[in-house]
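Here's the structure, in structure tokens; my notes come after.
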Amino acid sequence: MKLSRSYYLHGDVVCLARDLLGKTLYTRIDGNLTGGIITETEAYRGIGDRASHAWNGSRTARNEVMYAAGGVAYVFLCYGVHYLFNVVTNNRNIPDAILIRGLIPTTGEKIMADRWGKEIKPGEAIYGPGRVSRLLSILPGHNGISLTGDTIWIEQGRTDNRKMSIKASSRIGVDYAGEDANLPYRFTCIPG
DNA sequence: CTGTAGATCGTCT
DNA sequence: GACGATCTACAGA
């Protein structure tokens with residue numbers, strides 16, 4: 001069951017980042033269906049969050065899609081090498097987003113292994129936002145597309161995340177954000 | 001196991 | 001012109 005558009009309009013991005021754990025992210029790119037259970041996320045909270053591209057109201061061609069209504073993809077190039085995939089949330093003109101940092105492949109594992117160039121063991125968790133987008137073949141061309149369409153979407157899945165062990169911790173690679181780097185906006189889980 | 005250098009380019013100042 | 005919401009390979013202990 002696909003998450004509906006209204007799901008992404010929720011006003012608390014930190015709450016949503018936590019809620020996404022245990023759900024399944026799918027992509028269908030060039031006819032290849034791949035997907036996995038989300039195990040790690042980070043919330044980026046609007047214009048007041050120094051770690052966010054939208055900090056201090058910054059609004060440019062790159063981050064424009066963060067200002068769209070929730071339920072679309074935000075994809076950007078990081079370090080000139082990796083594409084990072086975010087879920088845009090909240091209402092129009094409120095630039096909240098959730099970075100997907102890790103998942104456990106459950107669909108199309110062989111396709112993902114080919115894209116990665118490495119073997120993926122059954123049940124093995126993949127950590128790292130750059131790897132996630134590479135395995136799912138998410139590219140800049142997907143920036144701004146709807147998450148309720150047939151290319152990238154998220155399903156509720158079977159996992160009840162109230163029964164998972166969920167941890168909150170500080171976000172990765174955002175030392176430039178000063179005190180905001182210490183906010184507990186990173187969520188990890190061990191499905192069980 | 002830990003540490004670190006290099007890759008590589010769009011974006012913002 | 002500087003710098004990333006990173007990953008990998010490789011060196012050393």
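Protein chains get the first letters and strands the later ones, always in sequence-line order, with residue 1 at the start of each.
- At a threshold of 4.5 Å between non-hydrogen side-chain atoms, the residues Y8(A) and L3(A) count as touching.
- Among the nucleotides dT6(C), dG10(B), dA5(C), the one closest to the side chain of I172(A) is dT6(C).
- R134(A) comes within contact range of no nucleotide atom at all, as no heavy-atom separation falls under 4.0 Å.
- Using a 4.0 Å heavy-atom cutoff across all strands shown, R171(A) reaches no nucleic acid atom at all.
- Closest approach to the R131(A) side chain among dA5(C), dC7(C), dG10(B) is made by dC7(C) (side chain taken as heavy atoms from C-beta onward).
- There is a side-chain donor-acceptor pair under 3.5 Å between D19(A) and Y7(A).
- For the pair R59(A) and Y67(A), the cation sits on the ring face: its NZ or CZ lies under 6.0 Å from the ring centre, inside 45° of the axis.
- One finds no side-chain N or O of Y79(A) lying less than 4.0 angstrom from the OP1 or OP2 phosphate oxygen of dA7(B).
- Neither side chain, T34(A) nor T107(A), offers a donor N or O lying under 3.5 Å from an acceptor on the other.
- Heavy atoms of W55(A) sit nowhere under 4.0 angstrom from any nucleic acid atom.
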Using a 3.5 Å cut-off and no angle test, enumerate the donor-acceptor pairs between side-chain atoms of residues 123-134 of chain A and protein atoms at least two apart in sequence or in another chain.
residue : atom : partner : partner atom : Å
E124(A) : OE1  : K121(A) : N            : 2.8
R131(A) : NH1  : Y127(A) : O            : 2.8
S133(A) : OG   : Y83(A)  : O            : 2.2
S133(A) : OG   : P129(A) : O            : 2.9
S133(A) : OG   : G130(A) : O            : 3.4
R134(A) : NE   : R115(A) : O            : 3.2
R134(A) : NH2  : R115(A) : O            : 3.3

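- Residue L99(A) is classed as a base contact, given a heavy-atom separation below 4.0 Å to a base.
- When the nearest nucleotides of DNA chain C are assigned to W116(A) and M66(A) by heavy-atom distance, the more 5′-ward of the two goes with M66(A).
- When distances are taken from the side chain of R62(A) to each of dT8(B), dC12(B), dT6(C), the shortest belongs to dC12(B).
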For DNA chain B, what is the dot-bracket line, given that a base pair needs Watson-Crick (N1 to N3, plus N6-O4 or O6-N4) or G-U wobble (N1-O2 and O6-N3) geometry with both distances under 3.5 Å, and | means paired with another strand? |||||||.||||.
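- In this structure, the CZ atom of F85(A) is 18 Å from the P atom of dA5(C), given to the nearest Å.
- Of the listed nucleotides (dC7(C), dA7(B), dA5(C)), dA5(C) has the atom at the smallest distance from the side chain of L84(A).
- With dT6(C), dA5(C), dC12(B) as the candidates, the nucleotide lying closest to the side chain of T60(A) is dC12(B).
- Distance CG (N63(A)) to C1' (dA5(C)): 13 Å, rounded to an integer number of Å.
- Side-chain proximity of K118(A) to the nucleotides dA9(C), dA5(C), dC12(B) is greatest for dA9(C).
- Whole-Å rounding puts the E42(A) CD to dT6(C) C1' distance at 12 Å.
- The nearest whole Å value for the distance from the CG atom in D96(A) to the C1' atom in dA5(C) is 15 Å.
- Using modelled atom types, one finds no donor on one side chain facing an acceptor on the other under 3.5 Å when comparing Y44(A) with H53(A).
- With centres under 5.5 Å and a plane angle under 30°, the ring of Y44(A) is stacked against the base of dA5(C).
- Proximity of L136(A) to I29(A): side-chain heavy atoms (C-beta onward) are nowhere separated by under 4.5 Å.
- Residue contacts for V174(A): at a heavy-atom cut-off of 4.0 Å it reaches the sugar-phosphate backbone alone, with no base atom in range.
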